[in-house]
Amino acid sequence: MESMLNKLKSTVTKVTADVTSAVMGNPVTREFEVGRHIASGGPGLCWRIYNGTKKSTKQEVAVFVFDKKMIDKFLKFEKDQIIDSLKRGVQQLTRLRHPRLLTVQHPLEESRDCLAFCTEPVFASLSNVLGQWDNLPSPVPNDIKEYKLYDVETKYGLLQMSEGLSFLHSGVKMVHGNLCPENIILNKSGAWKIMGFDFSISSNNPSDAELKYTCKEWEPNLPPLCLPNPEYLAPEYILSVSCDSASDMYSLGVIMHAIFNEGKPVIHVNKHDIFKSFSRQLDQLSSMSPAMLSKIPEEAREHVKMLLSVSPTVRPDADQMTKIPFFDDVGAVTLQYFDTLFQRDNLQKSQFYKGLPKMLPKLPKRVVVYRILPALTSEFVNPDMVPFVLPNVLLIAEECTKEEYVRLILPDLTPVFKQQEPLQILLIFLQKMDLLLTKTPPDDIKNSVLPMVYRALEASSVQIQELCLNIIPTFANLIDYPSMKNALIPRIKSACLQTSSLAVRVNSLVCLGKILEYLDKWFVIDEILPFLQQIPSREPAVLMGILGIYKCTFTHKKLGIPKEHLATKSLPHLVSLSIDNNLNLNQFNSFIAVIRDMLNRMEADHKTKLEQLHIMQEQQRSLNITNPGNSTEDIKSSPNSGNQIDDIFGSTGVNGKENGSAATPSQPNRVYT
């Protein structure tokens with residue numbers, strides 16, 4: 001045990017020291033807490049990615065850190081080149097704003113030891129996911145090591161890349177210049193975002209129809225971090241020192257090939273002899289064999305082949321790529337719709353949410369929980385949308401573990417528990433109460449879930465009260481006994497007594513009858529049965545409800561009614577109700593049947609008691625006869641003498657007293673006229 005603790009302590013110390021050495025002194029730490037090292041990304045995977053939070057708001061972020069120690073081996077002017085290139089990339093990313101680009105939350109800050117900036121929360125780079133683990137913590141986190149892309153994630157991720165490129169090419173008039181897996185970041189929700197604008201090129205003539213871009217000649221003597229990734233560069237970039245938007249499309253084609261081929265690009269490039277490698281690549285691409293594309297899905301194969309064409313004019317542009325049939329996947333379309341929800345009105349969104357339950361089972365759980373769920377819960381701020389969103393959230397909750405539900409869903413549900421309008425919210429929750437009580441921790445049940453049930457019982461809406469009373473028996477076994485006894489039962493009784501609705505009164509009685517088995521015997525006798533005599537109305541349905549509770553209590557093996565209560569309270573009440581003029585013959589017969597059963601039980605119980613008493617008296621009498629030493633007073637006061645008097649008077653029907661003298665066995669009773 002001690003060795004495990006020491007190992008844990010050393011790991012924590014190492015991680016803390018790692019973060020401290022990299023970020024300490026950087027201005028970014030004034031506003032942000034830097035947490036665990038989780039991933040790497042950017043050119044050459046040189047940026048370490050940490051999770052973090054903003055100190056003032058506790059908002060979750062990712063902190064990108066470049067440790068300058070990584071480039072200690074380079075000369076000073078080379079170090080300056082690397083730092084300038086990285087700064088340029090982050091500054092360009094900070095200026096650009098688009099849903100398909102990584103969102104910068106805090107601009108680049110430089111200190112003596114590192115560069116750092118903050119973005120939206122991040123999971124990893126696409127390069128990490130495809131098996132490139134450079135600059136990752138050791139050991140490699142399991143969530144990265146075991147991560148496998150689902151088809152819907154791949155399709156929608158590539159669609160997002162195409163949309164991002166369409167924005168850069170058509171909107172900003174810019175070529176990315178280094179599109180590769182290390183510059184594609186998967187955010188915490190699983191969305192694919194573009195970063196790494198270190199080598200981006202803006203158009204020389206952005207207002208002209210035919211855009212022109214100035215491309216820098218490849219300089220093999222520059223440090224690797226000052227050059228784009230050659231395995232994802234278009235041939236014309238190296239061989240003819242030219243580029244345009246089609247060059248990025250070639251890079252997209254190589255990325256698609258890598259995704260379906262375990263992270264391997266189309267052709268391996270010898271970085272020490274780049275020009276010869278690209279000349280050879282040109283020959284291979286010109287006569288591309290079917291085997292090169294065999295692992296790419298058939299519906300995308302032809303488009304990837306065009307993207308990898310040696311001729312830039314053959315390659316489809318980004319806008320055309322967004323429309324290929326490969327992306328007409330029901331899951332990808334669903335995710336795309338979620339990303340455009342902010343453009344929709346409430347009517348369009350409500351129609352979409354109504355059909356969503358049919359879609360959710362077709363999507364992988366990770367996609368549903370981390371992509372769709374956050375989009376749904378963000379709608380909770382819009383009360384009109386909650387009745388349409390809530391069924392989907394609860395459907396997702398059913399598939400989550402208890403831990404996932406508490407961590408990912410309950411915090412967003414808690415404020416919704418308190419919403420009283422529109423009424424459909426309460427109805428939906430009541431219909432899923434078994435789910436809520438099964439997965440919600442006890443304290444939250446007591447503080448959030450049960451108060452919602454209590455509000456439903458006290459609601460002005462008869463429909464809400466009826467539904468609540470009908471549903472309570474289905475989850476009564478999940479309610480703790482103190483809450484049942486002290487909060488729930490009193491409200492059901494109150495609803496029954498105070499309502500003007502016959503349906504609510506009858507349902508209250510039916511509800512009580514169904515949950516009797518979860519109550520203890522004396523609580524029922526002391527609180528439930530006396531309450532029945534307080535009910536003012538005499539409609540047949542109410543009377544039959546009262547009869548039902550008496551019958552359930554009387555016949556239940558755990559409960560039962562003592563004969564004293566039967567004789568003095570239950571039977572008198574039932575007999576008086578049985579002759580109510582509102583009852584029909586069948587209902588009257590039901591009353592009489594229960595009354596008869598109660599009488600029979602009472603007779604049997606009391607008879608058994610008297611028989612036991614009689615046996616005891618007989619035993620005492622036998623003892624007195626065999627023991628002549630008993631005094632006359634003992635014999636006179638013996639219980640047996642009273643028994644003889646009872647026998648005599650039981651046969652004659654005459655009072656056993658005459659002139660104040662008790663009759664004795666030796667003096668037969670006289671009858672005076």
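Values below: all heavy atoms of this structure, side chains included; hydrogens, waters and symmetry mates excluded.
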Is there a side-chain contact between [X] and [Y] (heavy atoms, below 4.5 Å)?
X    : Y    : result
M161 : I255 : no
N204 : Y213 : no
M249 : H169 : yes
L96  : L168 : yes
F64  : M195 : yes
V368 : E399 : no
Q336 : D339 : no
D317 : L165 : no

Backbone of [Y] reached by a side-chain donor or acceptor of [X] within 3.5 Å:
X    : Y    : value
N128 : S40  : yes
R88  : S200 : yes
D345 : Q348 : yes
K439 : C400 : yes
N229 : E231 : yes
D248 : G177 : yes
Q160 : R100 : no
N135 : L45  : yes
T103 : P99  : no
S85  : I82  : no

> How far apart are the C-alpha atoms of E379 and Y353, what are their side-chain angles, what is the distance that settles it, and do they pass the side-chain contact (heavy atoms from CB on, under 4.5 Å) test?
Replying inline: CA-CA 11 Å; E379 287 280 10; Y353 291 138; 3.0 Å; yes
How many angstroms lie between atom [atom1] of [X] and atom [atom2] of [Y], to the nearest 0.5 angstrom?
X    : Y    : atom1 : atom2 : value
S125 : Q132 : OG    : CD    : 9.0 Å
L308 : L293 : CG    : CG    : 6.5 Å
S251 : L233 : OG    : CG    : 6.0 Å
L335 : I372 : CG    : CD1   : 5.5 Å

[X], [atom1]: over 12 other non-hydrogen atoms inside 6.0 angstrom:
X    : atom1 : answer
E210 : CD    : no
E298 : CD    : no
D84  : CG    : yes
K212 : NZ    : no
K305 : NZ    : no

> If we ignore angles and hydrogens, is there a donor and acceptor under 3.5 Å between the side chains of Y156 and T334?
Replying inline: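 The answer is no; no qualifying pair exists.
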> So, Y250 and E236: side-chain donor and acceptor under 3.5 Å apart, yes or no?
Replying inline: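 Checked: Y250/E236 side chains show no N/O donor-acceptor pair below 3.5 Å.
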>> Run the side chain to side chain donor-acceptor pair (under 3.5 Å) test on S311 and T313 for me, step by step, so that the C-alpha distance in whole Å, both residues' side-chain angles and the decisive distance to 0.1 Å come before the verdict.
In response: CA-CA 5 Å; S311 173; T313 56; 2.9 Å; yes
Which atom pair, heavy atoms only, marks the closest approach of [X] to [Y]?
X    : Y    : answer
V266 : V254 : N-CG1, 3.9 Å
A124 : V129 : CB-CG2, 4.4 Å
L373 : V393 : CD1-CG1, 4.2 Å
L390 : L413 : CD1-CD2, 3.7 Å
A456 : L430 : CB-CD1, 4.1 Å
E110 : P27  : O-CD, 3.9 Å

Salt-bridge criterion met for [X] and [Y] (N-O under 4.0 Å):
X    : Y    : answer
E404 : K365 : yes
K155 : D329 : yes
K55  : E31  : no

> For K54 and E33, what are the C-alpha separation, side-chain angles and deciding distance, and is it a salt bridge (Lys or Arg N to Asp or Glu O under 4.0 Å)?
Replying inline: CA-CA 6 Å; K54 191 168 186 176; E33 293 281 356; over 6 Å; no
> Can you check side-chain contact (heavy atoms from CB on, under 4.5 Å) on V65 and N26, steps first, answer last?
Replying inline: CA-CA 10 Å; V65 178; N26 192 292; over 6 Å; no
> Residues two or more places apart in sequence or in another chain: which of them pass ring-ring contact (aromatic ring centres under 6.0 Å, His included) with H257?
Replying inline: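 With sequence neighbours excluded, H257 shows a ring-ring contact (aromatic ring centres under 6.0 Å, His included) to no residue whatsoever.
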> Could R344 and Y337 be counted as a cation-pi pair, given that NZ or CZ must be under 6.0 Å from the ring centre and within 45° of the axis?
Replying inline: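 Satisfied, under 6.0 Å and within 45°.
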>> Taking the six-membered ring of Y147 as reference, does the cationic atom of R366 (NZ for Lys, CZ for Arg) lie under 6.0 Å from its centre and within 45° of its axis?
In response: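 Satisfied, under 6.0 Å and within 45°.
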> Between F352 and F388, is a ring-ring contact (aromatic ring centres under 6.0 Å, His included) present by the stated rule, with each step listed?
Replying inline: CA-CA 9 Å; F352 173 70; F388 301 100; over 10 Å; no
>> Checking K432 against E398 for the salt bridge (Lys or Arg N to Asp or Glu O under 4.0 Å) test, could you report, in this order, the C-alpha distance in whole Å, the side-chain angles of both residues, the deciding distance, and whether it holds?
In response: CA-CA 10 Å; K432 291 290 183 179; E398 288 179 355; 2.5 Å; yes
>> Run N183 and I194 through side-chain contact (heavy atoms from CB on, under 4.5 Å) and show every step you take.
In response: CA-CA 6 Å; N183 284 326; I194 298 173; 5.7 Å; no
> Would L225 and F66 satisfy side-chain contact (heavy atoms from CB on, under 4.5 Å), going step by step from the backbone distance to the final call?
Replying inline: CA-CA 12 Å; L225 287 178; F66 174 76; 4.2 Å; yes
>> Measuring centre to centre across the rings, with the benzene-like ring taken for any Trp, is H303 within less than 6.0 Å of F326?
In response: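 No, the ring centres sit 6.0 Å or more apart.
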> What residues form a salt bridge (Lys or Arg N to Asp or Glu O under 4.0 Å) with D319, not counting sequence neighbours?
Replying inline: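 Partners of D319 by the salt bridge (Lys or Arg N to Asp or Glu O under 4.0 Å) criterion, ordered by chain and then number, come out as K323.
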>> As a quick check of understanding, evaluate salt bridge (Lys or Arg N to Asp or Glu O under 4.0 Å) for K148 and E262, giving each step before the final call.
In response: CA-CA 11 Å; K148 301 297 179 189; E262 300 171 348; over 6 Å; no
>> Would E120 and K188 count as a salt bridge (Lys or Arg N to Asp or Glu O under 4.0 Å) here? Give the steps.
In response: CA-CA 8 Å; E120 62 187 288; K188 197 170 182 184; over 6 Å; no
>> Could you go through W47 and F117, starting from their C-alpha distance and side-chain angles, then the distance that decides it, and tell me whether this counts as ring-ring contact (aromatic ring centres under 6.0 Å, His included)?
In response: CA-CA 10 Å; W47 291 96; F117 67 101; 5.0 Å; yes
